**Student:** 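My questions all concern the structure below.
As the structure is a computational prediction, the values presented were derived from the model and not from experiment. To find a chain, count down the sequence lines: A is the first, B the second, and so on, and within it residues start at 1.
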Amino acid sequence: MITVRFPDGATREYAMGTTGTTVVESISKSLAKATVAMRVDGVLSDLSDEVPDGATIEFVKRDDPAALELIRHDAAHVLAEAVQELWPGTQVTIGPVIENGFYYDFYREQPFSEEDLRAIEKKMAEIIDRGAAFTKEVWSRDQARAFFETKGEAFKVELVDAIPEDQSIRIYRQGQWLDLCRGPHMRSVKDVGQAFTLTKVAGAYWRGDSNNPVLSRIYGTAFATREQLEAYLTMMEEAEKRDHRKLGREMDLFHLQEEAQGSVFWHPKGFVIYNQMEAYIRRRLDGAGYKEIKTPQLVDNKLWVKSGHWGKFRENMFVVPDEIPSTEGEQPEISSDVNFLALKPMNCPAHVQVFNQGIKSYRDLPLRLAEFGCCHRNEAHGALHGLMRVRQMTQDDAHIFCREDQIQAETEAFCNLLDSVYADMGFSEVKILLATRPDTRAGDDAVWDVAEKGLGDALAATGRKFEIAEGEGAFYGPKLEFHLKDAIGRSWQCGTLQLDFVMPERLDASYVAEDGSRQRPVMLHRAILGSLERFIAILIENHAGKMPMWLAPVQVVVATIVSEADEYAQKLVDQLKAAGIRAEIDTRNEKINYKVREHSVGKVPVMFVVGKREAEEGTVSVRRLGSDGQAVLPFRDAMVALMAEAAAPDLKAAAQAA
RNA sequence: GCUGCCGUAGCUCAGUGGUAGAGCACUCCCUUGGUAAGGGAGAGGUCGACAGUUCAAUCCUGUCCGGCAGCACCA
């Protein structure tokens with residue numbers, strides 16, 4: 001006999017070898033009907049598994065949040081079966097659950113089309129209706145290899161070979177079809193339900209390596225109920241309206257065009273946001289003991305060779321010949337021994353040049369050099385994405401030159417500054433990653449050991465949660481990455497802190513220590529926003545274009561109802577502007593409804609509407625974006641309130657005190 | 001860069017093997033109207049580029065360029 005425990009503390013006795021199915025059926029028919037899987041001592045398992053003696057088991061119903069992952073995983077299996085049934089000879093590879101859905105990668109000569117997706121969905125519905133049960137089998141390695149080899153499933157054979165020796169090879173069968181899978185699964189394909197949809201097809205490299213063949217990846221999502229699926233699809237549709245590229249055009253913030261691919265043309269309104277952000281960060285850095293500098297855009301290749309960028313980063317650099325091309329021939333020509341300059345892709349080597357001027361003492365450390373560094377990187381065309389991924393960007397960059405024993409304090413100070421800035425911007429959900437040594441790197445492993453440990457320890461000391469991103473570090477050192485999400489949930493790295501023992505060595509940076517000896521400083525590369533472009537894009541998407549008052553390109557529009565109020569409106573705008581408010585006037589020959597609509601669509605946070613009455617009384621009718629009411633206030637009061645509201649977050653306290 | 005899809009007016013999109021349309025935006029006229037679209041008129045496009053097929057190409061085919069999604073790469 002075995003003893004089974006339940007979450008409420010109750011226990012029951014069963015015969016050896018009893019499965020979860022038997023247990024649940026012994027409790028109640030209705031519970032058995034609703035249950036699709038179980039947790040055995042907290043681990044999600046097949047309901048058909050034997051229950052070990054003394055285990056605590058908890059039943060997972062289909063509408064349980066924990067079941068969502070199972071629904072999606074099972075849906076991926078059904079997707080694979082459907083594809084192989086429709087197009088025999090298509091090879092299957094892997095099909096995991098991801099955030100908001102699942103995908104399955106296939107290898108097939110003929111790529112899938114959007115119409116194929118609809119056909120596959122139909123087939124999936126059919127398979128689900130057939131309702132085959134999931135059954136688990138454990139195979140030997142040879143059996144699995146032989147089976148998939150015979151079927152011509154080369155990718156599966158590779159997967160079998162990749163499973164560690166100490167792990168069993170599990171096969172899940174669903175009717176005629178089967179797949180290599182770790183599990184767990186629900187009772188049968190019927191439990192997947194019909195609240196699923198296939199969303200897109202895309203190419204993806206086998207095992208995430210661009211040297212490998214490209215597979216066809218089919219994405220889909222599934223929910224417990226149709227209502228949840230509909231709600232999700234509606235939410236995504238709404239989120240797409242917050243796309244910063246769309247809002248940037250609608251709000252006349254910026255544009256991009258072919259002739260300067262990946263470089264931003266900031267329009268007057270967009271550049272207000274840009275300038276406000278720059279001014280804000282400048283104040284914050286100044287307050288945190290940074291010194292701002294400006295370094296050259298175009299730098300002789302000699303420096304990039306020395307810094308290691310030429311060796312490790314060349315394919316991303318824009319290189320310029322230091323010579324006027326000859327136009328004698330058909331094509332412009334340059335001589336073979338020409339000297340090259342490169343547009344800086346990063347600011348660090350230039351900052352070391354500033355550090356290296358004169359002799360630095362340990363008393364100068366930590367020295368924090370900041371720059372709004374305009375960097376150019378030749379990004380792959382497929383990587384470009386509005387303001388999020390550009391070829392010309394401006395980083396809120398800084399390099400902290402310090403001693404090894406100052407790393408922890410500097411890391412802590414940086415994390416606190418970053419938290420404060422992100423809080424000011426309204427971001428609370430920040431994902432932190434510790435990125436470790438990449439394959440292409442400079443510096444000895446011993447140096448990397450010290451750097452990775454130093455950064456990890458310093459971060460851990462601040463008490464923040466973080467994940468490890470294996471092999472994602474910069475070529476000169478490990479880094480912390482601070483990620484924010486865009487409107488549709490894509491994650492973008494914004495802030496970063498990178499620990500670097502390599503660059504000071506390569507560029508011969510040194511300081512005089514207390515004992516008179518020459519020592520190498522450590523360099524911390526860091527940015528809070530990352531790039532102004534990307535951060536502004538995230539801000540636009542998170543605010544759906546309705547920027548907070550201090551960032552709003554136009555803070556108030558004074559709109560007239562009748563032309564008799566034009567003169568009064570002009571007087572108000574003059575006073576608002578004199579008070580530092582970004583105010584515009586609208587005296588056009590249009591109805592007030594039209595003006596309200598247009599400025600609402602333009603996301604202007606406040607409108608002062610004036611007619612004959614207001615002009616006579618010296619008041620304004622204040623209308624706020626998104627509200628339908630309005631309040632009539634004396635102009636002075638309205639202006640003073642607006643001024644307080646328009647203060648940047650770091651100046652708010654001072655503005656309120658004044 | 002890779003895979004797939006897409007490319008018609010400033011924007012959103014119809015459409016056809018015989019060189020083009022709508023709505024909004026724009027310009028002008030009428031309207032002075034009290035909080036999310038008042039009415040009328042006008043202007044605007046070598047249908048992404050280049051080849052090919054055809055009597056004839058915006059439409060069919062190919063190549064290139066660009067955009068979008070994902071992958072790879074990255075702030």
Side-chain angles (χ1 to χ4, degrees), chain A residues 103 105 111-114 116-117 199-219 240 243 245-246 249-250 252 255-259 261 313 315-316 345-346 373 375 377-391 393-397 435 438 440 472 474 479 481-484 488 490 492-496 498 525 527-535 537-538 559-566 587 589-602 607 609-614 621-630 632:
Chain A
Y103 68 77
D105 283 347
F112 297 102
S113 70
E114 295 283 329
D116 291 341
L117 292 191
T199 49
K200 57 200 172 198
V201 260
Y205 298 109
W206 167 236
R207 300 198 142 176
D209 186 335
S210 57
N211 297 312
N212 287 342
V214 179
L215 307 172
S216 284
R217 175 170 298 178
I218 298 180
Y219 285 89
E240 275 162 27
D243 189 311
R245 292 164 298 187
K246 191 173 155 67
R249 191 172 50 236
E250 287 169 7
D252 194 18
H255 85 268
L256 296 158
Q257 71 184 53
E258 253 183 76
E259 290 79 356
Q261 226 184 99
F313 206 71
E315 57 183 32
N316 286 300
M346 297 179 190
C375 294
R377 294 184 190 173
N378 197 347
E379 301 287 358
H381 285 63
L384 299 177
H385 186 97
L387 297 183
M388 297 280 191
R389 191 79 183 271
V390 290
R391 301 213 294 184
M393 63 177 149
T394 304
Q395 300 175 313
D396 62 323
D397 202 6
T440 306
E472 303 276 308
K479 61 181 185 174
E481 301 179 2
F482 298 83
H483 290 253
L484 294 172
I488 63 168
R490 285 177 293 220
W492 296 90
Q493 181 189 323
C494 291
T496 181
Q498 311 176 0
H525 307 240
I528 295 174
L529 307 180
S531 82
L532 278 131
E533 289 81 2
R534 177 176 292 180
F535 201 87
I538 298 266
T560 53
I561 295 168
V562 290
S563 50
E564 280 172 283
D566 286 5
T587 55
N589 177 17
E590 296 292 350
K591 290 201 170 156
I592 195 60
N593 286 337
Y594 182 90
K595 293 184 186 180
V596 165
R597 176 181 152 78
E598 200 179 88
H599 299 301
S600 298
V601 169
M607 283 184 77
V609 174
V610 295
K612 214 170 144 191
R613 217 154 54 219
E614 287 78 5
S621 170
V622 181
R623 188 198 156 87
R624 305 199 68 101
L625 181 60
S627 76
D628 23 326
Q630 60 261 200
V632 178

**Student:** Searching all strands shown, indicate the nucleotide that pairs with B:rG45 (Watson-Crick or G-U wobble; both distances under 3.5 Å).
**Tutor:**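 Pairing partner, where one exists within any strand: none, as none qualifies.
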**Student:** Taking atom types as they are modelled, would you say the side chain of A:Gln257 forms a donor-acceptor pair with the base of B:rG66 within the 3.5 Å cutoff?
**Tutor:**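 Under the 3.5 Å cut-off, the side chain and the base do not form any donor-acceptor pair.
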**Student:** Within the modelled atom types, does a donor on one side and an acceptor on the other bring the side chain of A:Glu379 and the base of B:rA75 under 3.5 Å apart?
**Tutor:**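 Counting by modelled atom types and ignoring angles, a donor-acceptor contact under 3.5 Å is found here.
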**Student:** Does A:Arg249 make a side-chain N or O approach to OP1 or OP2 of B:rU12 shorter than 4.0 Å?
**Tutor:**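 Affirmative; the distance criterion is met.
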**Student:** When the P atoms of B:rA37 and B:rC50 are compared, how many Å lie between them, rounded to an integer?
**Tutor:**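 To the nearest whole Å, 44 Å.
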**Student:** Answer yes or no: does a side-chain N or O of A:Lys479 lie under 4.0 Å from OP1 or OP2 of B:rA75?
**Tutor:**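 For A:Lys479, the contact criterion (side-chain N or O under 4.0 Å from OP1 or OP2 of B:rA75) is met.
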**Student:** Between A:His385 and B:rA69, is there a side-chain N or O to OP1/OP2 distance below 4.0 Å?
**Tutor:**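 Indeed, a polar side-chain atom of A:His385 lies that close.
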**Student:** Under 4.5 Å between any side-chain heavy atoms of A:Met393 and A:Arg377, yes or no?
**Tutor:**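 Heavy-atom side-chain distance check passes, below 4.5 Å.
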**Student:** Rounded to whole angstrom units, what separation is found between the CD atom of A:Glu564 and the P atom of B:rG34?
**Tutor:**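 It works out to 13 Å between those atoms.
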**Student:** Using side chain to side chain contact (heavy atoms under 4.5 Å, CB included), reason through A:Arg623 and A:Val596 one step at a time and then give a plain yes or no.
**Tutor:** CA-CA 9 Å; A:Arg623 188 198 156 87; A:Val596 165; 3.5 Å; yes
**Student:** Heavy atoms from C-beta onward define the side chain here; which of B:rA75, B:rA72, B:rG70 lies closest to that of A:Ala380?
**Tutor:**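 For A:Ala380, the side-chain atoms sit closest to B:rA72.
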**Student:** Could you tell me the Watson-Crick or G-U partner of B:rA9, where both distances fall under 3.5 Å? Say none if there is no partner.
**Tutor:**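 Paired with no nucleotide.
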**Student:** Which nucleotide in the set B:rG70, B:rA75, B:rA72 lies at the smallest distance from any side-chain heavy atom of A:Lys200?
**Tutor:**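 That would be B:rG70.
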**Student:** Whole angstroms only, please: what is the CD-P distance between A:Glu481 and B:rC74?
**Tutor:**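 So the CD-P distance, A:Glu481 to B:rC74, works out to 10 Å.
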**Student:** Which part of the nucleic acid does A:Gly208 contact within heavy-atom distance under 4.0 Å: base, sugar-phosphate only, or nothing?
**Tutor:**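 Sugar-phosphate contact only.
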**Student:** Could you tell me whether the side chain of A:Glu379 reaches within less than 4.5 Å of the side chain of A:Gln261, counting heavy atoms only?
**Tutor:**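 The answer is no; the side chains never approach within 4.5 Å.
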**Student:** Between A:Arg391 and A:Asn378, what is the shortest heavy-atom contact and its length?
**Tutor:**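 A:Arg391 and A:Asn378 have their closest heavy atoms at NH1-OD1, 2.8 Å.
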**Student:** Using atom P in both nucleotides, what's the gap between B:rG62 and B:rG23 to the nearest angstrom?
**Tutor:**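 Rounded to whole Å, the distance is 36 Å.
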**Student:** Taking only the side-chain nitrogens and oxygens of A:Gln493, find out if one of them lies under 4.0 Å from OP1 or OP2 of B:rA75.
**Tutor:**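 Indeed, a polar side-chain atom of A:Gln493 lies that close.
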**Student:** Find the distance A:Asn316:CG to B:rG1:C1' and express it as a whole number of Å.
**Tutor:**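 A:Asn316 atom CG is separated from B:rG1 atom C1' by 11 Å.
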**Student:** Base, sugar-phosphate or nothing for A:Tyr219? Non-hydrogen atoms, less than 4.0 Å.
**Tutor:**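 Sugar-phosphate only.
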**Student:** Using whole Å, report how far CZ of A:Arg490 lies from C1' of B:rC71.
**Tutor:**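 Atom CZ in A:Arg490 sits about 13 Å away from atom C1' in B:rC71.
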**Student:** Does A:Phe535 reach the side chain of A:Ile528, with side-chain heavy atoms less than 4.5 Å apart?
**Tutor:**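 Result no, sub-4.5 Å side-chain heavy-atom pair not found.
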**Student:** With respect to the phosphate group of B:rC74, does any side-chain polar atom (N or O) of A:Arg391 fall under 4.0 Å of OP1 or OP2?
**Tutor:**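 Indeed not, no polar side-chain atom of A:Arg391 lies that close.
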**Student:** Of all the choices, B:rU32, B:rG38, B:rA69, which nucleotide is nearest to the side chain of A:Val562 once you look at every atom?
**Tutor:**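 Within the option list, the nearest is B:rU32.
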**Student:** For a quick test of reading the model: is some side-chain N or O of A:Tyr594 closer than 4.0 Å to OP1 or OP2 of B:rA25?
**Tutor:**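 So the side-chain polar atoms of A:Tyr594 do come within 4.0 Å of the phosphate oxygens OP1 or OP2 of B:rA25, strictly under.
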**Student:** Expressed in whole Å, how much space separates the C1' atoms belonging to B:rA41 and B:rA51?
**Tutor:**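 Result for the C1' pair: 43 Å, nearest Å.
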**Student:** RNA chain B: A:Thr496 or A:Asp209, which has the more 5' nearest nucleotide?
**Tutor:**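 First, find each residue's nearest nucleotide; the 5'-ward one identifies A:Asp209.
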**Student:** As a test of reading the structure: which of B:rC74, B:rG70, B:rG38 is closest to the side chain of A:Arg377, going by heavy atoms?
**Tutor:**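 Closest of the options to the side chain of A:Arg377: B:rC74.
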**Student:** Atom NZ of A:Lys246 and atom C1' of B:rC24: how far apart are they, to the nearest Å?
**Tutor:**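 Rounded to whole Å, this separation is 13 Å.
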**Student:** Between B:rC71, B:rG38, B:rA75, which nucleotide has the shortest distance from any of its atoms to the side chain of A:Asn593?
**Tutor:**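 Nearest to the side-chain atoms of A:Asn593, counting from C-beta on, is B:rG38.
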**Student:** Can you see which heavy atom on A:Tyr205 is nearest to which on A:Asn212, and at what distance?
**Tutor:**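 In terms of heavy atoms, the two residues are closest at CD2-O, 3.6 Å.
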**Student:** In the strands shown, is B:rU3 matched to any nucleotide by a Watson-Crick or G-U wobble pair with both distances under 3.5 Å, and which?
**Tutor:**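 Base-paired to B:rA69.
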**Student:** Which part of the nucleic acid, if any, lies within contact of A:Gln630, taking any heavy atom under 4.0 Å across all strands shown: a base, the sugar-phosphate backbone alone, or nothing?
**Tutor:**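 A:Gln630: base contact, heavy atoms under 4.0 Å.
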**Student:** Which one is paired to B:rA36, where only Watson-Crick or G-U wobble pairs with both distances under 3.5 angstrom count?
**Tutor:**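 By the stated definition (distances under 3.5 Å), nothing pairs with B:rA36.
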**Student:** Nearest of B:rU35, B:rG34, B:rA36 to any side-chain atom of A:Ser621?
**Tutor:**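 Selected nucleotide (nearest to the side chain): B:rU35.
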**Student:** Within the pair A:Arg245 and B:rA69, is there a side-chain N or O less than 4.0 Å away from OP1 or OP2?
**Tutor:**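 Checking A:Arg245 against B:rA69: at least one side-chain N or O falls below 4.0 Å of OP1 or OP2.
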**Student:** Going by purine N1 to pyrimidine N3 plus the second Watson-Crick contact, or the G-U wobble pair, all under 3.5 Å, which nucleotide sits opposite B:rU54?
**Tutor:**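 Its partner: none found.
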**Student:** Is the base of B:rU32 touched by the side chain of A:Ser563 through a donor-acceptor pair closer than 3.5 angstrom?
**Tutor:**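 Between B:rU32 and A:Ser563, which were checked side chain against base, a qualifying N/O pair under 3.5 Å is present.
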**Student:** Using the P atom as the point on both nucleotides, what is the distance between B:rG44 and B:rC30, in whole Å?
**Tutor:**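 Comparing P positions in B:rC30 and B:rG44 gives a spacing of 23 Å.
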**Student:** Could you state the atom-to-atom distance from CZ of A:Arg389 to P of B:rA69 in whole Å?
**Tutor:**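 Going from A:Arg389 (CZ) to B:rA69 (P), I get 13 Å.
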**Student:** When you check the gap from the basic side-chain N to the acidic O, do A:Asp243 and A:Arg245 get nearer than 4.0 Å?
**Tutor:**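 Yes, this pair counts.
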**Student:** Counting Watson-Crick and G-U wobble pairs only, both distances under 3.5 Å, name the nucleotide matched with B:rC59, or none.
**Tutor:**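 Its partner: none found.
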**Student:** Given B:rA72, is OP1 or OP2 found less than 4.0 Å from the side-chain N or O atoms of A:Arg207?
**Tutor:**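 The answer is no; no side-chain N or O of A:Arg207 sits under 4.0 Å from OP1 or OP2.
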**Student:** Would you mind telling me which of B:rC74, B:rG4, B:rC65 lies closest to the side-chain atoms of A:Arg534?
**Tutor:**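 Per side-chain heavy atoms of A:Arg534, the pick is B:rC74.
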**Student:** Please report the shortest heavy-atom distance between A:Lys595 and A:Thr587, naming the atom on each side.
**Tutor:**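 Heavy-atom minimum between the residues: NZ-C, 3.7 Å.
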**Student:** State which of B:rG4, B:rA36, B:rA72 makes the closest approach to the side chain of A:Arg597.
**Tutor:**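 In terms of side-chain proximity for A:Arg597, the closest of B:rG4, B:rA36, B:rA72 is B:rA36.
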**Student:** Which of the following nucleotides, B:rG70, B:rU35, B:rG66, is nearest to the side chain of A:Gln261?
**Tutor:**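 Given the options B:rG70, B:rU35, B:rG66, the side chain of A:Gln261 is closest to B:rG66.
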**Student:** When rounded to the nearest Å, what value does the distance between C1' atoms of B:rC68 and B:rU27 take?
**Tutor:**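 Straight-line distance between the two C1' atoms is 34 Å.
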**Student:** Is a donor-acceptor contact shorter than 3.5 angstrom present between the side chain of A:Ser531 and the base of B:rA75?
**Tutor:**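 Flag set: donor-acceptor pair detected.
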**Student:** Could you work out which one of B:rA75, B:rG70, B:rG4 sits closest to the side chain of A:Arg217?
**Tutor:**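 Within the option list, the nearest is B:rG70.
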**Student:** Can you find a heavy atom in the side chain of A:Asn316 that is under 4.5 Å from one in the side chain of A:Pro345?
**Tutor:**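 Not touching, per the 4.5 Å side-chain cut-off.
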**Student:** For the pair made of OH in A:Tyr205 and P in B:rG1, what is the distance, rounded to whole Å?
**Tutor:**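 Atom OH in A:Tyr205 sits about 11 Å away from atom P in B:rG1.
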**Student:** Give none if B:rU19 has no partner; otherwise give the nucleotide forming a Watson-Crick or G-U wobble pair with it, both distances under 3.5 Å.
**Tutor:**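 Checking every strand shown, B:rU19 finds no partner, since no pair has both distances under 3.5 Å.
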**Student:** Return the value, rounded to whole Å, for the distance between atom NE2 of A:His381 and atom P of B:rC6.
**Tutor:**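 From A:His381 NE2 to B:rC6 P: 21 Å.
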**Student:** For the CG atom on A:Asp628, are there more than 12 heavy atoms of other groups (residues, nucleotides or ligands in this structure) within a distance under 6.0 Å?
**Tutor:**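 Not buried by this count: 12 neighbours or fewer within 6.0 Å.
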**Student:** Taking for each residue the nucleotide of RNA chain B bearing the nearest heavy atom, is the 5' side occupied by A:Trp492 or by A:Glu598?
**Tutor:**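 Residue closer to the 5' terminus by nearest nucleotide: A:Glu598.
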